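Heads up, the thing below is written out as structure tokens.
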Amino acid sequence: MASPTLAGRSARTRPLAVTVISGFLGAGKTTLLRRLLRDRSDLRMAVIVNDLSDLAVDADLVKELKEGDEELVIDLHAGSLGGSLRPAFRDALDRVAADPSLDYLLIETSGGSHPHALLEDIQRHRGLTLDGVVTVVDGLNLWRDFDGGRALLQDAPPSISPVSLLRAQIEAASVLLVSKADRLTRAQVTDVFAVLHQLNVHALIVSMAYGQVDPALIVGARSFQKRRRRPRGEPVRRSPVAPAPDDPAVYGLGSVTLRHTRPFHPQRLHTLVRESLPLGVHRSKGWIWLASRPLDVLVWSHAGSWVGLEWAATWKAGILLDPAARLLPEERAGLTAALAQLDPVFGDRHCELTIIGVEPDRTAFADALRHCLCTDAEVAAWQNGERFDDPWPLTIRRV
């Protein structure tokens, strides 16, 4: 029996164009995806968002941009599209391909996904045409953690390793976007570009900061079909990365989730990320709150040696404390009643983080983060209105 369409209409008359957004953990795929959805709001686009962990952070951030059209965001998490989630991914492809109301499909893979299997499924689907494969490369972490990318150029990298996974993602691309380029010098960016060109002579290579890139290079660009032939004189790669299982566990990657209602102590958390980031944790992300900022829902984003905070919203419990909210009496009463069903001290405030990496580093980092949560005495101090030392930036960019 055929899968139902998203809009419940008849089948499409021509293939739906697809761009895959790939890249290693924390490269900036979701930031790029959100930017594309804003810049091309004239198109009715479906989105498949894949996350390795059981915490669907990326899908939630994307759904905020699809208010009223949340059904166009298909959330596939706790696995990879070419591995454990492959049946669900194929079903999702059937659904979007059959919907004639759609203009385009964007697919964001998890950072632990090998591109081979999911690209195969797209190319074999008669209702889809592969428009582009965009791999986002974290320029800052490539420079710091992979010797500027030279670690990827060795003739015989381990066939099953994070290095081989990153290299496979780069080699599959028709467009390579170097993120966090604003944090590198011009000479460093030039060196990174040179390495990427050796890894993939076919791809267009463009620098990017905060997801800002010309959408015409990605949406409707037909970059996959236009990948140029190898120019004469270019070196021939003798050891391309062969197709490998799309199973993050094969590469030693896994996730653990930290959930707690207590706030983080701002100083202790700051000290941890400045002094004790483990090498084996490639990514952590989620929502947190700081004892010094009880109003703010903060998005935590950590990739390799880089950590950032962004402001997302105001906690409902914080709205009651904010004089600028100007709530009507009935609004205040309704909000108070809703919060009464939640934590009696913190209301809806909570911390929820997923930590992705290898063992034992990811578990050790989760334990270290728990140590940064406020103690009973610190919670009591917070309730009494005492101030906390807060070394985090006063101005935080809005998501």
Side-chain angles (χ1 to χ4, degrees), residues 3-23 27-50 56-76 81 89 92-109 118-119 122-123 125-136 173-179 203-204 206-227 299 310 312-313 397-399:
S3 299
T5 67
L6 288 175
R9 298 181 177 91
S10 59
R12 300 183 61 85
T13 58
R14 61 180 180 178
L16 179 68
V18 183
T19 284
V20 174
I21 300 175
S22 177
K29 299 184 294 297
T30 304
T31 301
L32 170 64
L33 177 59
R34 287 170 56 89
R35 174 76 63 172
L36 290 173
L37 291 174
R38 286 194 296 267
D39 291 347
R40 293 308 312 268
S41 59
D42 57 310
L43 296 178
R44 181 171 169 81
M45 291 197 282
V47 184
I48 297 175
V49 182
N50 175 218
V57 178
D58 296 341
D60 288 346
L61 291 174
V62 171
K63 285 177 181 177
E64 290 179 1
L65 295 177
K66 286 284 192 179
E67 187 174 357
D69 264 340
E70 291 88 353
E71 79 280 359
L72 296 183
V73 180
I74 300 174
D75 171 21
L76 299 177
L81 298 182
F89 177 55
L93 293 180
D94 289 341
R95 291 169 58 200
V96 297
D99 188 340
S101 74
L102 296 176
D103 299 310
Y104 209 83
L105 170 62
L106 292 171
I107 300 173
E108 180 192 348
T109 72
L118 68 97
L119 292 179
I122 294 169
Q123 290 179 284
H125 200 294
R126 293 184 178 181
L128 303 172
T129 181
L130 186 57
D131 190 36
V133 180
V134 177
T135 296
V136 184
S174 56
V175 177
L176 290 168
L177 298 179
V178 180
S179 64
L204 172 68
V206 181
S207 62
M208 178 181 72
Y210 297 106
Q212 297 181 23
V213 67
D214 184 356
L217 298 175
I218 300 173
V219 177
R222 296 181 59 83
S223 61
F224 192 77
Q225 291 80 11
K226 293 177 181 177
R227 291 203 304 183
V299 178
E310 294 178 292
R397 191 172 72 96
R398 182 180 181 130
V399 174

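Here the structure is a predicted model, which is why all the values come from computation and not from measurement.
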Hey, which of Leu81, Leu33, Asn50, Ile74 is the one that makes side chain to side chain contact (heavy atoms under 4.5 Å, CB included) with Ile107?
Leu81
Backbone N/O of Ala27 and side chain of Ser179: donor-acceptor pair under 3.5 Å
yes
Those residues that, when tested against Glu70, pass salt bridge (Lys or Arg N to Asp or Glu O under 4.0 Å) (two or more places apart)
none
Mind checking salt bridge (Lys or Arg N to Asp or Glu O under 4.0 Å) for Arg35 and listing every partner two or more places apart, or none if nothing turns up?
none
Let me confirm one number: the CD-OG1 distance from Glu310 to Thr31, rounded to the nearest 0.5 Å.
6.0 Å
Is the backbone of Thr19 close enough, under 3.5 Å, to the side chain of Asp131 for a donor and an acceptor to pair up by distance?
no
Do the side chain of Asp103 and the main chain of Arg44 share a donor and acceptor less than 3.5 angstrom apart?
yes
Do Val136 and Met208 have side chains that approach each other closer than 4.5 Å (heavy atoms only, starting at C-beta)?
yes
Check whether any side-chain heavy atom of Lys63 lies under 4.5 Å from a side-chain heavy atom of Val47, and answer yes or no.
no
Are the side chain of Arg34 and the backbone of Leu65 linked by a donor-acceptor contact shorter than 3.5 Å?
no
Value rounded to 0.5 Å, distance of CG in Leu105 from CZ in Arg95
11.5 Å
If we only count heavy atoms from C-beta on, is the Tyr210 to Arg397 side-chain gap below 4.5 Å?
yes
Exercise: identify the closest heavy-atom pair between Ala98 and Pro100:
O-CD, 3.2 Å
Do Ile48 and Leu93 pass the side-chain contact (heavy atoms from CB on, under 4.5 Å) test, and can you show the C-alpha distance, the side-chain angles, and the key distance before you say yes or no?
CA-CA 9 Å; Ile48 297 175; Leu93 293 180; 4.1 Å; yes
Work out which heavy atom in Ser174 is nearest to a heavy atom in Ser223; give both atom names and the distance.
OG-OG, 2.8 Å
Worked check of side-chain contact (heavy atoms from CB on, under 4.5 Å) between Val134 and Lys29
CA-CA 9 Å; Val134 177; Lys29 299 184 294 297; over 6 Å; no
More than 12 heavy atoms of other groups within 6.0 Å of Arg38 CZ:
yes
Verdict with supporting geometry, Val18 and Val96, side-chain contact (heavy atoms from CB on, under 4.5 Å)
CA-CA 10 Å; Val18 183; Val96 297; over 6 Å; no
One should read off an interatomic distance between Leu177 CG and Ser22 OG, to the nearest 0.5 angstrom, of 11.0 Å
Taking all heavy atoms of Leu128 and all of Pro15, pick out the closest pair and write down the distance.
C-CB, 3.8 Å
Minimum heavy-atom separation for Thr109 to Gly23, with atom names?
OG1-N, 4.4 Å
Any chance you could measure Gln123, atom CD, to Leu130, atom CG, to the nearest 0.5 Å?
5.5 Å
Restricting to side-chain hydrogen bond (donor to acceptor under 3.5 Å, both in side chains), what partner residues turn up for Thr129, sequence neighbours left out?
none
Taking atom CG of Leu72 and atom CG of Leu37, what is their separation to the nearest 0.5 Å?
10.0 Å
Taking C-beta and beyond as the side chain, do Gln212 and Leu32 meet within less than 4.5 Å on heavy atoms?
no
Supply the atom-to-atom distance Leu43 CG to Tyr104 OH, rounded to the nearest 0.5 angstrom.
9.0 Å
Check whether any side-chain heavy atom of Lys226 lies under 4.5 Å from a side-chain heavy atom of Leu204, and answer yes or no.
no
